[in-house]
Protein chains: 2
Amino acid sequence: MEEGFEKFRQYLCEKGLKSTRQRKIILKAFLKSTSHLSTEDLYLSLRKKYPGIGYATVYRTLKLFAECGIAEEQNFGDGQTRFEPSHQENHHDHLVCTACHSIIEFENPQIEKLQEEVAANHGFTTTHHRLELYGLCHKCSS
Amino acid sequence: MEEGFEKFRQYLCEKGLKSTRQRKIILKAFLKSTSHLSTEDLYLSLRKKYPGIGYATVYRTLKLFAECGIAEEQNFGDGQTRFEPSHQENHHDHLVCTACHSIIEFENPQIEKLQEEVAANHGFTTTHHRLELYGLCHKCSS
DNA sequence: CCTATATTGATAATCATTTTCATGTGGAGG
DNA sequence: CCTCCACATGAAAATGATTATCAATATAGG
């Protein structure tokens with residue numbers, strides 16, 4: 001979590017952007033969150049404590065987070081973009097149950113490694129990736 | 001391609017839906033296509049030959065295709081949903097250039113295999129998956 | 001051929017996201 | 001501390017993709 005703050009501070013500095021009250025509030029709430037938040041989710045939960053914060057600011061700020069690498073964008077096909085804090089040490093992917101919509105996270109360094117190889121073979125420099133396995137979870141398949 | 005028509009015919013029959021001129025036209029054009037078409041792409045290309053076909057119909061029909069399994073929805077983060085014919089024999093994944101939006105397809109059986117293992121370890125029965133690697137393609141990274 | 005019902009095309013409506021713009025604020029340099 | 005100005009903010013309007021509405025039309029079964 002600390003590195004999140006540090007990384008953001010540095011990014012703002014590099015780009016000549018400013019550290020504002022709102023950005024700090026949003027960053028703190030975001031890094032604390034565990035689940036896959038949509039902009040709306042985050043906006044609504046912030047709203048309770050800090051009524052002044054605007055929808056647009058949350059959008060803009062989450063996009064900033066994604067740009068500087070402390071957030072990852074995800075799209076599970078429900079029409080809303082979701083974000084989650086990216087912990088670069090242990091990146092994880094998702095198993096999505098198409099019946100009960102539960103989400104299980106997993107890590108697999110072997111897959112990650114193969115992905116890098118594929119990218120390299122095609123002359124690609126990858127910044128991030130997305131892997132989702134859809135199907136029925138243990139409960140739903142019985 | 002033939003199975004596409006057959007599968008669609010059967011799906012319509014099951015659901016009590018009708019086989020119309022437009023659906024045939026759209027299905028034919030869709031199955032012929034190779035790339036990752038957005039609804040707009042398909043609409044515009046159809047428009048040339050069949051000016052009568054409406055935007056909404058293309059949307060509705062592509063959604064039908066996805067429901068009955070002859071199309072796969074994809075979302076590369078450019079704000080448009082794309083579709084491609086699903087050829088279940090040789091599934092492929094995507095490298096997406098975040099600068100020029102070019103898309104490279106690749107297959108990697110090793111990754112597929114590892115995915116199955118992960119799913120099995122979590123008691124999941126997978127129906128499909130999605131893997132996308134984002135970054136800069138050879139051209140854009142120089 | 002008739003009829004009930006699904007489908008179509010045009011258009012309006014909706015939803016997420018982005019832009020606009022007037023106003024406010026952080027922070028570098030005095 | 002002040003001042004200044006570029007950047008940021010919030011509210012509202014604008015945009016772009018997608019979906020719903022509805023009157024007119026076409027399909028499939030009898």
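Every chain is numbered from 1 and lettered A, B, ... according to where its sequence line falls, protein lines coming before strand lines. Everything numeric in this text was worked out from a predicted model, so none of it was measured.
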Sugar-phosphate, base or nothing in reach of B:Ser19, heavy atoms under 4.0 Å: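 Contact class for B:Ser19: sugar-phosphate only.
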Stepwise ring pair (Phe, Tyr, Trp, His ring centres under 6.0 Å) check, B:Phe65 with B:Phe83: CA-CA 9 Å; B:Phe65 294 169; B:Phe83 293 85; 8.4 Å; no
B:Thr39 vs A:Gly52, nearer the 5' end of DNA chain D by closest nucleotide: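 Comparing both residues, the 5'-ward one is A:Gly52.
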Donor-acceptor side-chain pairing of B:His129 and B:Gln115 below 3.5 angstrom: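 Yes - a donor-acceptor pair under 3.5 Å links their side chains.
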Donor-acceptor side-chain pairing of A:His36 and A:Gln80 below 3.5 angstrom: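 On atom types as modelled, these side chains do not qualify, holding no pair under 3.5 Å.
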Would you kindly give the [atom1]-to-[atom2] distance between [X] and [N], to the nearest whole Å?
| X | N | atom1 | atom2 | answer |
| --- | --- | --- | --- | --- |
| B:Asp78 | D:dT18 | CG | C1' | 14 Å |
| B:Leu64 | C:dT8 | CG | C1' | 13 Å |
| A:Ile25 | D:dG10 | CD1 | C1' | 14 Å |
| A:Gln22 | D:dC7 | CD | P | 17 Å |
| A:Leu37 | C:dT17 | CG | P | 13 Å |
| A:Leu12 | D:dA6 | CG | P | 19 Å |
| A:Tyr55 | C:dA16 | OH | P | 6 Å |
| B:Gln80 | D:dG16 | CD | C1' | 9 Å |

Just to confirm, is there a sub-4.0 Å distance from OP1 or OP2 of [N] to any side-chain nitrogen or oxygen of [X]?
| X | N | answer |
| --- | --- | --- |
| A:Arg23 | D:dA8 | yes |
| B:Thr20 | C:dT7 | no |
| B:Tyr59 | D:dT18 | yes |
| A:Thr81 | C:dA16 | no |

Side-chain touch B:Leu131/B:Phe106, heavy atoms, less than 4.5 angstrom: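 B:Leu131 vs B:Phe106: side chains touch.
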Qualifying salt bridge (Lys or Arg N to Asp or Glu O under 4.0 Å) pairs, either residue in residues 112-123 of chain A, two or more places apart: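 For residues 112-123 of chain A: A:Lys113-A:Glu117.
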Along DNA chain C (nearest heavy atom to each residue), the more 5'-positioned of B:Arg21 and B:Lys18: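 Counting from the 5' end, the first nearest nucleotide belongs to B:Lys18.
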